[in-house]
Protein chains: 2
Amino acid sequence: MSEAAAPAPKPRAGRTATGRRRLRSALAVAALELFASQGYEATTVEDIVDAVGVGRRTFFRYFRSKEEVVFPDHDERLAEVVARLEAADPAEPPLAVVGATAEMVLEMYLAEPEISLKRFELTRAVPSLRDKEIASIDRYQRVFARYLRGRYCGEPHGDLRAAVGASAVVATHNHILRQWLKSAGSLDARAQLREALRLATASVHSPWGEQPAGSESAADERVVVGVVRTAASAETVRARVTGALAELSDDQ
Amino acid sequence: MSEAAAPAPKPRAGRTATGRRRLRSALAVAALELFASQGYEATTVEDIVDAVGVGRRTFFRYFRSKEEVVFPDHDERLAEVVARLEAADPAEPPLAVVGATAEMVLEMYLAEPEISLKRFELTRAVPSLRDKEIASIDRYQRVFARYLRGRYCGEPHGDLRAAVGASAVVATHNHILRQWLKSAGSLDARAQLREALRLATASVHSPWGEQPAGSESAADERVVVGVVRTAASAETVRARVTGALAELSDDQ
DNA sequence: TTGTTAGTGGCACTCAGTGCCGCTACGATT
DNA sequence: AATCGTAGCGGCACTGAGTGCCACTAACAA
């Protein structure tokens, strides 16, 4: 209260000494500390800038909003994801590309565990931040879906497959990430994600859609006999295989 | 401007005549009209209440925020979803229950096409509303995932399967809904959703996880011979079937 | 007629976010 | 070395969302 009584003589304590672009970092650090100690909503932007010793206006030069200080570099990360997808080998299976990109995103979280954990606690506690994170996750998913839509272009249910594939990858990524966060950085999340993606995206890898009654097949069509040993009934296996093999023609 | 010059004598034009709880509806209608005509952000809450002829304070008694007027009954709908899941027959396959619930949600949109379309346009144009909608959709997905987690409890990758299953259902629902909205209410979205759900959730219906090297099988194990006619190579079919039939023991 | 209560209006306030202007420190030019 | 341009910053004033509080009024009950 009383420390702000003299607006005329600016203290300017070590501002330029910290460097021009370190201000952003200093603001973020101070903000996260205050959020952790006294809560997100109870912390005003004025509290943050007072802790750093800069003007309130300066805060909004480095962050578009109070929420953005919690997710400082989401834009850059999304841009990396887009770049990665654009640079991907078109010979790779589409879902493998998306899965690998998801692994890259996971690596970003794993690279700075303490920040990821702080954010996790914050987003769990503050609804508005949770909503914000959901929205940014959705942006990843949209980018994934757009990529897959391009790769599945022309296929029977390409758009649907793209949407479901993207959502499966994102859901799997989030599941593994959440497990890792809850365990406070336990085991190899990378390997877990890879295995989980294998399970989750199994059905999306092969094309969907009803057989157009032997359209382009006929030529190189062959008869394949498979022998399966299982406890399930024959009818169950028939239904399962029928669903799984619905249109197995042009994908790898 | 000049119409607000006399604060003392309240006009009170037909307030009570419209009924006590119709005010909410009147506010929503006026808001949507203003949003459509002059844009969401350019419309202040004061504009809305002036159009209806009530005080600004009253608006916030009916809507928690300016955004909520666009999604007036999301809470009730989410409650309906929860109730439906809780009342579901435990004998039904879990994903069938969730799928049917998603169909119920779709029905809600289809029930009032003009409002759904207006909202669609608004959420497409205004980022903050889009984020809000994403967040509320995520709430559905969480409820779905929670339900599936309970049903898959104890199974190999139950939690992952629940997360992926829920996301697949939601992604499918959104895809069909979006198609319907883009076509301005064309054909039978119900049938499309049902078929799409069949495709999208095929792999999640059967349990996941690695075979425990013949644990409880042995007893009622049989040999099943399947004949498949396809254009794919034998190796492709083998890999596909192996993946699809990974653990086919207790689910129907 | 006299409480009682629910719904409302209005006022004042906090706080996020923005536009604008002035200041200052730094670098480049001559 | 003096000067100009500029980028970063502080501060002020403003808008608008959202909230707390209190007074008022209409309807209802005793």
Side-chain angles (χ1 to χ4, degrees), chain A residues 1 3-27 30-31 34-35 38-71 126-129 131-132, chain B residues 1 3-27 30-31 34-35 38-71 126-129 131-132:
Chain A
M1 289 292 182
E3 65 183 3
K10 284 74 163 284
R12 287 277 164 109
R15 189 94 40 80
T16 51
T18 58
R20 279 298 193 257
R21 284 298 182 269
R22 283 176 186 257
L23 232 183
R24 184 183 167 92
S25 171
L27 284 168
L34 287 169
F35 292 164
Q38 65 186 37
Y40 174 78
E41 330 205 61
T43 304
T44 69
V45 175
E46 196 150 19
D47 293 339
I48 301 170
V49 297
D50 284 352
V52 181
V54 297
R56 204 177 72 93
R57 195 64 183 81
T58 300
F59 178 89
F60 291 104
R61 287 202 181 89
Y62 286 96
F63 303 98
R64 279 192 291 266
S65 70
K66 183 181 164 189
E67 284 160 350
E68 194 184 313
V69 79
V70 184
F71 315 101
V126 183
S128 69
L129 290 179
D131 290 0
K132 187 87 175 173
Chain B
M1 290 292 181
E3 65 182 359
K10 282 71 166 283
R12 285 278 161 104
R15 191 93 41 78
T16 51
T18 58
R20 279 296 193 257
R21 283 301 182 267
R22 282 175 186 258
L23 231 183
R24 183 181 168 93
S25 170
L27 284 168
L34 287 168
F35 292 164
Q38 64 188 36
Y40 174 78
E41 333 210 52
T43 303
T44 70
V45 175
E46 197 149 17
D47 293 337
I48 301 169
V49 296
D50 283 352
V52 180
V54 297
R56 204 176 73 94
R57 195 64 183 79
T58 300
F59 178 90
F60 291 104
R61 287 201 180 91
Y62 286 97
F63 303 98
R64 280 194 291 266
S65 69
K66 182 182 162 188
E67 284 161 350
E68 196 185 310
V69 78
V70 184
F71 315 102
V126 183
S128 69
L129 289 179
D131 290 0
K132 187 87 175 174

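Convention: sequence-line order gives letters A, B, ...; per-chain numbering from 1.
- Taking atom CZ of A:Arg56 as the reference point, atom P of D:dG11 lies 12 Å away to the nearest angstrom.
- The separation between A:Gln38 atom CD and C:dC15 atom P is 11 Å, rounded to whole Å.
- Nearest-nucleotide mapping onto DNA chain C: of A:Glu67 and B:Arg57, the residue sitting toward the 5' end is B:Arg57.
- Here D:dT19 presents its P atom at 17 Å from CD of B:Glu46, a figure rounded to the nearest Å.
- Looking at heavy-atom distances under 4.0 Å, B:Ser128 makes no contact with the nucleic acid at all.
- For C:dG7, neither phosphate oxygen OP1 nor OP2 lies less than 4.0 angstrom from any side-chain nitrogen or oxygen of B:Tyr62.
- Rounded to whole Å, atom P of D:dG8 lies 17 Å from atom CZ of A:Arg22.
- In this structure, B:Asp50 places its CG atom 12 Å from P of D:dG16, rounding to the nearest Å.
- Smallest separation of non-hydrogen atoms from A:Ser65 and A:Phe59: O-CE2, 3.9 Å.
- Following rounding to the nearest Å, A:Arg61 (CZ) and C:dG19 (C1') show an atom-to-atom distance of 11 Å.
- One interatomic measurement links the two molecules: CZ of B:Phe60 to P of C:dT8, which rounds to 15 Å at whole-angstrom precision.
- For the residue pair B:Val49 and B:Gly55, the shortest heavy atom distance occurs at CG1-O, 3.6 Å.
- Taking both residues in full, the closest heavy atoms of A:Ile48 and A:Leu27 are given as CG2-O, 3.8 Å, listed atom of the first, atom of the second, then distance.
- For the pair B:Lys66 NZ and D:dG16 P, the computed distance is 9 Å after rounding to whole Å.
- Of the residues near DNA chain C, B:Phe59 and A:Glu41, the one whose nearest nucleotide (by heavy atom distance) lies more toward the 5' end is B:Phe59.
- Minimum heavy-atom separation, A:Lys66 to A:Thr43: NZ-O, 2.7 Å.
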